[in-house]
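Naming convention: chains lettered A, B, ... in sequence-line order (proteins, then strands); numbering from 1 in each chain. Since we're looking at a predicted model, the values are computed, not measured.
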Amino acid sequence: MTSLLDFLRGSQGDGRFVPPSKLTGRLTLAAAAAMSFLAVFALVLTMAAHRQAALWGQTLAGTATVRIASPHEPEQVQAALVILETTTGVNAARILSEDEHAALLAPWLGPDLPLQDLPLPSLIEVELSPDGIDTLGLNLRLQAEVPSATFDDHSRWRAPLIDAAKRMRNLGWAALGLTFATLAVMVALSTQSALASNKQEIDVLHLVGAEDRFIARAFVWRFTGRAVAGALLGTGLGIIATLLLPNDPAAGSFLTALPPNGLGWLVPFLVVPLVAAVAYLATRVTVMRLLKETTL
Amino acid sequence: MTSLLDFLRGSQGDGRFVPPSKLTGRLTLAAAAAMSFLAVFALVLTMAAHRQAALWGQTLAGTATVRIASPHEPEQVQAALVILETTTGVNAARILSEDEHAALLAPWLGPDLPLQDLPLPSLIEVELSPDGIDTLGLNLRLQAEVPSATFDDHSRWRAPLIDAAKRMRNLGWAALGLTFATLAVMVALSTQSALASNKQEIDVLHLVGAEDRFIARAFVWRFTGRAVAGALLGTGLGIIATLLLPNDPAAGSFLTALPPNGLGWLVPFLVVPLVAAVAYLATRVTVMRLLKETTL
Amino acid sequence: MIELQNVTQSYGGSALLTDVSVQFAPGSFHFLTGPSGAGKSTLLKLLYGELRPTRGHVQLFGIASTNMARDQLARTRRRIGVVHQDCRFLDHLSLAENIALPLQIAGQLTPADRQNLADLLVWVGLAHRSDALPAELSGGERQRAALARAVMIDPEVILADEPTGNVDWEMAQRLLQLLIELNKMGKTIVLATHDLNLIRAAKTQVEARVLRIRDRQVQLAGASL
Amino acid sequence: MIELQNVTQSYGGSALLTDVSVQFAPGSFHFLTGPSGAGKSTLLKLLYGELRPTRGHVQLFGIASTNMARDQLARTRRRIGVVHQDCRFLDHLSLAENIALPLQIAGQLTPADRQNLADLLVWVGLAHRSDALPAELSGGERQRAALARAVMIDPEVILADEPTGNVDWEMAQRLLQLLIELNKMGKTIVLATHDLNLIRAAKTQVEARVLRIRDRQVQLAGASL
Ligand SMILES: Nc1ncnc2c1ncn2[C@@H]1O[C@H](COP(=O)(O)OP(=O)(O)OP(=O)(O)O)[C@@H](O)[C@H]1O
Ligand SMILES: Nc1ncnc2c1ncn2[C@@H]1O[C@H](COP(=O)(O)OP(=O)(O)OP(=O)(O)O)[C@@H](O)[C@H]1O
Ligand SMILES: [Mg+2]
Ligand SMILES: [Mg+2]
């Protein structure tokens, strides 16, 4: 623990030759924290969008219907069932019971309609595997053996939601990409600028015989430490904010919970090594540039 | 134009006493630009979420159905129509034609069903005003005068999408709030830190007889100018990024276009005065604090 | 004009100056001397208000510096030209601009001011460097520039802290000549220096008093010089 | 040891030094003088590699500075103690830490080093200020601290740029004494100064050569001093 604190304070290595946080130094910490916070938030939302898209895709893409127009011909229904069961991509197929049928039609027909008296088509509910199904092949086979059967994969209903889910996912990635790009830019810039305000110290160290490596090491550790501290702070706050997000969508609703689940919780912590890497590179490049600038 | 450029360069007023952009000075510009970019993006997405939510709400909340279970009783249907037409909150009511009825039922019954032979209920499509409707009152009146009529506002279908839309809107606001908060923090911090690296200049000015007001003005203009330039840059980039977003959802789909429409385009520009205000305040407060710190 | 009344000054630890009272009358010429670290710069800082006395009062043109608001102090500084021991400039402005800075802050540069500036640069031997940035000047050139800046605003009092420490003897005499001329025009001069030769040279031309800081007191040095 | 071979040096404009050749032999004691702005600091910067000559060569311990990589130059600096005209320190470290800085960079501080440090601080009269931050030092104290830092690494060559400009005559002699002792121990000393009295005082104790920069040349000053 002490050595971690030492590391964060930069006292490891040659950190004591680096002036302690000035106003400009605190900027690195604050920038890393603020940007990590946003990044965690964007990450959590993108993950939720992904799960949401998956949920919508599953719920809707997972089922299809086969309608057999000629009523009261059980052998046709059976033939269709056999075909379905031998089709790759079909997990299960099941004839809809009359009650289920009635429930489906209730909004349009009312609950009291005597369905048994109607020449209603039979419906088979098909559960699809996530790998998809060869719709064309299935249609051809059905047409050959059960001409009165129609396969309906609900795509007409599914399309807009699938679209919405896809777009949500894409926007999530775009926002995430932008946030991370801004994160990298801000951490790099704030590190650079904090470092630039230590130009005098760099010059003095060089004048009294410090090699470039020595100077770079002293500053790189200190600034990377500050950025990591900021990233930890920001990530922590981001996770707290995530926990405050609505967590319990109504059971059976179309919405997933927003916070990640299980191992998903580990993903936001990826922000920390990212920030560390950006800060490390930014410091190194800037120190080296500042050193090259001095003719001394 | 020249005076705008002058303003941005800060040469207006007493800006020439402020050193030109050092590495730390450019930070203000870059931070303002990066954060404005993110803010514009968040703003555009939130606006789109709002329109999306409105669209979903409208499409689904705008219609309801009255089902009259006793078929072939036109006077009942007429009575229901009269009631609907005198109900506040109802924009229009219209008996569904047989073709429309058939289209509605096709997925479950097949296109070939002889509907006229069926004892189907009559359906009245009701267009609701956005102000909502007193569902309980309407139900009571219908029950009294047309007992076989049932009012169905589709809420069972609507709920999850309304939920999703509401959540999207809320998340949009949350993300927007966070982005703006980070924007303010980053602009304030980077301005502060850039300013802190000008401490020597502030001291010199004070030593040769400049009053606090004079010094503050010189720096405030310069730094506000830099932040505004950054905000303009970032907003411009953000708007370009917005234009690159998918613009044309399939006609009739559930999705709105992402970029704002009409006057909505003006909203992202609100980021600029916001950044200006934050930079102005941050510079003023920091200069004054730095001035107070010097005993000189 | 400027007066120390029972001033005690300490930086936290033991006092550097104890119960010091000195008066700098209008038109007087004072040298300030004493070993390094005795408190010469500290005394000068009290005289232009960079420091406020720990105890006692420093009257600047009749007002105690302790009672002055910051802006009032800033305006008072326009009547006092100061040469700091570490000459600080605005590093992004040229030498000429830096020298004109106090005037610019107080108002506008008149053509007469520009002529004065040119003459002054010639006198201190910096005419050929007038476009150089402060960082490009030699140590002695910086000191001369600082003196020029202090003189430029036509102040009533000139406080110079070791203004000849980095220049050769000839140039030092030239700078002294400038200060003596200004003193003859009625300006009050206080000059902190280690250079006893300079003090001797001045004494032949002007009635100068030599103050020595010793044992936390300011004493008038007698004929020993 | 250090040698200028046909060095011409200019800062963009006209040359400050033209075709200068000087040798600084091991154990020699050189004074460097000349009017302010002549190029004394420039010459010293050439000698420790802060500047590289526009034309010609500067040999540092047998290697031309133009051929040295930055890190090699940094290591060479550990053999050269420099007192800069504007004494720069690490403002967040105490005076004692600043003086020990070059040693710490080169390796570890031995107990002997600590004793040397304490003795040195007493000699330059800064023992009571050893915990002060550089910003809290007087002008003369900074110069003495810079000299102490230059001496601390036990260098083969000591280059001092106007190390007595801000100290009183007594202290100046004390500092000169320190340099003379070091010279007697075999160290090469180059001291830029305007103070002819200091040069005269040294000449009574040590065989010093006086170099004068005039007309862009480095000349050996004769008996005129
Ligand atoms: N970086 C620079 N760029 C341009 N000119 C410079 C630069 N550094 C020094 N000079 C000029 O070169 C000349 C010599 O400077 P240098 O510092 O060597 O003088 P010096 O002999 O040490 O003078 P002093 O006794 O005043 O310290 C001066 O006129 C100075 O203005
Ligand atoms: N800000 C400060 N904090 C603490 N001590 C200080 C501060 N400024 C000066 N001192 C100490 O006060 C003493 C007097 O400093 P001052 O600068 O007045 O000396 P001086 O007479 O001008 O010396 P010099 O001739 O070397 O310039 C010194 O010992 C110095 O270390
Ligand atoms: Mg002093
Ligand atoms: Mg010099």
Side-chain angles (χ1 to χ4, degrees), chain B residues 6 8-29 193-223 225-226 283-296, chain C residues 9 11 42 44-46 48-54 65-66 68-94 97-109 133-135 145-146 148-155 159 161:
Chain B
D6 278 357
L8 292 182
R9 278 196 221 101
S11 69
Q12 217 193 31
D14 320 295
R16 28 183 255 93
F17 303 124
V18 180
S21 254
K22 305 177 187 172
L23 193 51
T24 44
R26 264 177 275 151
L27 180 68
T28 305
L29 198 146
S193 102
L195 207 52
S197 76
N198 287 138
K199 175 115 176 67
Q200 194 204 330
E201 282 81 7
I202 293 179
D203 284 355
V204 170
L205 283 171
H206 190 66
L207 278 176
V208 298
E211 297 171 24
D212 287 0
R213 233 173 327 147
F214 180 94
I215 301 174
R217 201 169 50 215
F219 281 89
V220 163
W221 280 120
R222 173 63 66 98
F223 280 85
R226 271 183 208 158
T283 318
R284 240 197 116 71
V285 169
T286 314
V287 176
M288 284 305 182
R289 213 183 64 196
L290 287 178
L291 283 172
K292 294 275 132 57
E293 259 174 28
T294 34
T295 25
L296 340 158
Chain C
Q9 181 63 38
Y11 292 106
T42 303
L44 288 182
K45 282 178 189 169
L46 286 168
Y48 65 87
E50 178 169 335
L51 278 180
R52 296 178 186 197
T54 314
S65 67
T66 12
M68 282 193 191
R70 287 173 51 79
D71 281 347
Q72 196 180 0
L73 200 56
R75 282 189 299 273
T76 306
R77 295 245 175 87
R78 297 182 192 162
R79 304 167 69 182
I80 308 178
V82 183
V83 182
H84 303 274
Q85 195 167 10
D86 56 329
C87 327
R88 279 170 285 178
F89 299 98
L90 289 188
D91 285 336
H92 65 290
L93 296 182
S94 73
E97 286 176 303
N98 261 296
I99 294 177
L101 185 63
L103 274 179
Q104 292 223 301
I105 285 174
Q108 276 302 308
L109 273 188
L133 294 177
R149 182 174 68 182
V151 166
M152 189 66 197
I153 41 166
D154 192 26
L159 309 175
D161 197 353

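Taking both residues in full, the closest heavy atoms of Leu207(B) and Tyr48(C) are given as CD2-CE1, 4.0 Å, listed atom of the first, atom of the second, then distance. Shortest non-hydrogen contact noted between Phe89(C) and Val204(B) is O-CG2, 3.8 Å.
The part of Arg149(C) that comes within reach of chain B is its side chain, from C-beta onward, which places non-hydrogen atoms under 4.5 angstrom from that chain. With a 4.5 Å cut-off on non-hydrogen atoms, Glu97(C) touches chain B through its side chain but not through its backbone. Proximity to chain B involves both the backbone and the side chain of Leu90(C), based on heavy atoms less than 4.5 angstrom apart.
Between Val82(C) and Val208(B), the closest side-chain pair of non-hydrogen atoms is not below 4.5 Å. Side-chain contact check for Glu211(B) versus Arg78(C): some heavy-atom pair is nearer than 4.5 Å. Side chains of Gln200(B) and Asp91(C) form a contact here, defined as non-hydrogen atoms less than 4.5 Å apart.
No donor-acceptor pair under 3.5 Å is formed between the side chain of Arg75(C) and the backbone N or O of Ala210(B).
Using a 4.0 Å cut-off between a side-chain N of Lys or Arg and a carboxylate O of Asp or Glu, Arg88(C) and Glu201(B) do not qualify as a salt bridge.
One distance of note links NZ of Lys292(B) with CZ of Arg70(C); it measures 6.0 Å at 0.5 Å rounding.
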